[in-house]
Novice: 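Handing you a structure now.
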Amino acid sequence: MAWFTDRHCFLLAVACYGVATVYSLFLWRRGFRRDEWANYLMVAAGVALHTLAMAKRGMTLQSCPVNNLYEATTFLLWALGLACLAYSLLPRFKFLCAFTTPVLFTVGVFALMPSLDPPHGPKPEFSGALRSLHAATILQAYGAFGLAAVAAGMFLMQQHDLKFHKLRALLSLLPSMQRLELITFRLVAVGFVLLTIGLAAGSQLPRQDGKPYLFDIKVIWSMLLWVVYLESLVAYKILGRASRRIAVMAIIAFAFLLLTFGLTNRFSPLHQDNPLPTTNSVASVTGSPLGTRHPSPVTRQ
Amino acid sequence: MSVVVIGLSHRSAPVGLRERFAFAESSIPDALQKLRESGLVTEGVVLSTCNRVEIYAATALAPDGAFFARVKKFLVEHHAYDGTLGDELYTFAEPHSLHHLFKVASGLDSMVIGETEIFGQLKAAYELAFTHKHTSARLNKAFQRAFNVAKHIRTETNIQRGSVSVMSAAVELAEKIFTTLAEHEVLVIGAGETSEKTARALQSRGVNKITVTNRSPERAAALAAELGGRSVPFEQWPEEFERVDIAISSTAATHHILDRATLEPLMRRRRHRPLLLVDIAVPRDIDPAVGTLDNVYLYNVDDLQSIAGEYLKLRHEEAARCEKIIAQKVAALLAANQHPAMAGHQ
């Protein structure tokens, strides 16, 4: 079974998300009328395989697997999938999976592109815990923002159906608009807190000389997201902005996040895959497009 | 021993005839006693509601034409009916009698298909007969199975889903917008019967703050007292919009009493909280342009009737599924009766 790598595992997870996406289309066409577990179980199977893929990669690396764009994307999707499974257990929230699977599937297919998972270079020698905290909290924040966008999508659909007297609004087993609005707000708030912690942890990470934290494109991009989400929270809670506008913002902001996430990583000197050459470690890289593309932990004394 | 049914319902007889054959609850035990003493049946249950009068019985006699003619004669004599009877009185022997019993218990034979009131009425009728020892093994088993089938159908199918009246459609809409109705205030504009019924339907789902307004302050106060709410002068009701989240309008006004220009500034004061407007007046009280405002959900009587109609259509579609389930359950019960040893495996 040595040939069965973490990428194979992730491929199977994406396949589960794909099947769930097709099934979601069917549920959507049927108007989300029957309360059922099939979609939930498909996503659960996907998340289980996804977890296995990440665990395999993490155990090989001996650290949190967030070292390149592939790993970061899979971590983000994992956070999104896990949060989706948890929230789906709330009354009338089972169809959250149906709205989340298209995101899990499309971004999962994107993550599988071999160019996103280049062979790792040597690892920088700084606190693994702090780096893991930085990457994990930020990616979990993106997961929360993703789920907020999904809940916002459900909210907008419900609002449209009720506004234009579509019978689907009554027939579907979806939560009330007020509940969807609350969940969207809470997820944005949770994501915002996690993003704040992640950015604060990132500012404490050691950097190469001449690489200022605040002028890095990825940091600027993250700060921009931070400001956008903060503005939304303040506008909603304090200024009383209409919930529809908050929902639209949650979707636009997450779409922007997904579309520009890889790009900013690529142009960020602080987030390059081979950031710091070290004197005492070297990696030998092996792997096919689906094989493990991380260094063997060979240390040269 | 087999189960038989004889009776008349809204499907076969007009209300004038149904009321002639209706049983007062207090007279049912005696009527069943007389029926059993006649030697026609050994067990019996009388179901008497506004939509049906039926006798469910177990008999050792052959349930043929002669048998039913004798039961029919008993009914006619018991009610001292001197008119003529044609097809109004229907009769069923097994397996159709069991099929009918299961259908009645599941609300499939009701005027509003899928309604659940009949389940309670059938249960009460059975308990009355059981308490007075007019039932035994055969009917006990048939009724218990009927109640189980009705529960099964309720949980496994959508026969009960949706609102089939204007009032309940309004309540369902409110529940799609607001998570719990208890936190939201309702404004009733016009103290008419329909708005009262809608307000009561909302109250039954948790609404506990109701404000009533009417051109006649006395009627407003009277309805408010009945609903446990408060009344406000008719000239002041727009000011209430800052607090209320649901408004039911049913006045006799010949023009729109609420238009977009009036509501727009009020929505800003409400900080864009969602507002459900139910306009059940004809002519309409609320200008349709109000519905174009953000966070305003406007439904008129036609919209609500269309929802109720669609639900009824869906229930009729679902009835086919229920019939299949009933056919299976009847076959299982008949098989269990023929092979009692297998009954525990059904």
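Just so you know, these numbers come straight off a predicted model, no measurement behind them. In what follows, chains carry the letters A, B, and so on, assigned in the order in which the sequence lines appear, proteins first and then strands, with residues in each chain numbered from 1.
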Novice: With only heavy atoms counted, which part of B:L293 is less than 4.5 Å from chain A, the side chain, the backbone, both or neither?
Specialist: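 Only the backbone of B:L293 comes within 4.5 Å of chain A.
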Novice: Relative to chain B, which of A:S176, A:S172, A:A169 shows the most heavy atom pairs under 4.5 Å?
Specialist: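 Of A:S176, A:S172, A:A169, A:S176 has the most heavy-atom pairs under 4.5 Å with chain B.
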Novice: What distance do B:I177 atom CD1 and A:Q178 atom CD have between them, rounded to the nearest 0.5 Å?
Specialist: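 Rounded to the nearest 0.5 Å, the CD1-CD separation comes out at 9.5 Å.
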Novice: Go through the atoms of B:S306 and report whether side chain, backbone, both or neither lie under 4.5 Å from a heavy atom of chain A.
Specialist: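 For B:S306, there is no contact with chain A at all, as no heavy atom is under 4.5 Å.
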Novice: Does any backbone or side-chain atom of A:A242 lie under 4.5 Å from a heavy atom of chain B? Answer side chain, backbone, both or neither.
Specialist: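 Looking at A:A242, backbone and side chain both touch chain B.
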Novice: At under 4.5 Å between heavy atoms, what parts of residues 99-107 of chain A are in contact with chain B? List them by residue number.
Specialist: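 From residues 99-107 of chain A, none sit under 4.5 Å of chain B.
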Novice: Looking at every non-hydrogen atom in both residues, tell me the closest pair between B:E310 and A:L167 and how far apart they are.
Specialist: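 In this case the closest contact between B:E310 and A:L167 is CB-CD2, 3.2 Å.
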Novice: For the residue pair B:Y297 and A:Q159, establish whether any side-chain heavy-atom pair is separated by less than 4.5 Å.
Specialist: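 When only atoms from C-beta onward are counted, A:Q159 and B:Y297 do touch, with a gap below 4.5 Å.
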Novice: Under a 4.5 Å heavy-atom cut-off, does chain A meet the side chain of B:L298, its backbone, both or neither?
Specialist: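 Interface part for B:L298: backbone (N, CA, C, O).
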Novice: Rounded to the nearest 0.5 Å, how far apart are CE of A:M177 and OG1 of B:T179?
Specialist: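 Going from the CE atom of A:M177 to the OG1 atom of B:T179 covers 10.0 Å.
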Novice: Does atom CZ (A:R244) have a neighbourhood of more than 12 heavy atoms from anything else shown, all under 6.0 Å?
Specialist: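 Open.
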Novice: Which pairs pass ring pair (Phe, Tyr, Trp, His ring centres under 6.0 Å) with one or both residues in residues 164-203 of chain A, sequence neighbours excluded?
Specialist: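 As it turns out, the ring pair (Phe, Tyr, Trp, His ring centres under 6.0 Å) pairs with a partner in residues 164-203 of chain A, which skip direct neighbours, are A:H160-A:F164, A:H165-B:Y299, A:F185-A:Y236, A:F192-A:W226.
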Novice: Under 4.5 Å heavy-atom distance to chain B, tell me which part of A:L162 shows up: side chain, backbone, both or neither.
Specialist: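 For A:L162, the contact with chain B is made by backbone and side chain together.
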Novice: Would you mind checking which part of A:L171 comes under 4.5 Å of any heavy atom in chain B, side chain (CB onward), backbone (N, CA, C, O), both or neither?
Specialist: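 For A:L171, heavy atoms of backbone and side chain both lie under 4.5 Å from chain B.
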Novice: Within a 6.0 Å radius of atom CD on B:E117, are there more than 12 heavy atoms belonging to other residues, nucleotides or ligands?
Specialist: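 No, because the 6.0 Å sphere around CD of B:E117 holds 12 heavy atoms or fewer from other groups.
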Novice: Rounded to the nearest 0.5 Å, how far does CG of A:L170 lie from CD of B:E172?
Specialist: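 The CD atom of B:E172 sits 5.0 Å away from the CG atom of A:L170.
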Novice: Does A:K163 have more than 12 heavy atoms from other residues, nucleotides or ligands lying within 6.0 Å of its NZ?
Specialist: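 More than 12 heavy atoms, drawn from other residues, nucleotides or ligands, come within 6.0 Å of this atom.
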Novice: If I measure from the heavy atoms of chain A, does B:N295 come under 4.5 Å with its side chain, its backbone, both, or neither?
Specialist: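 Looking at B:N295, backbone and side chain both touch chain A.
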Novice: Under a 3.5 Å distance rule, please check whether B:K176 uses its side chain to pair with a backbone N or O of A:P175 as donor and acceptor.
Specialist: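 Not confirmed, B:K176 side chain does not pair with A:P175 backbone.
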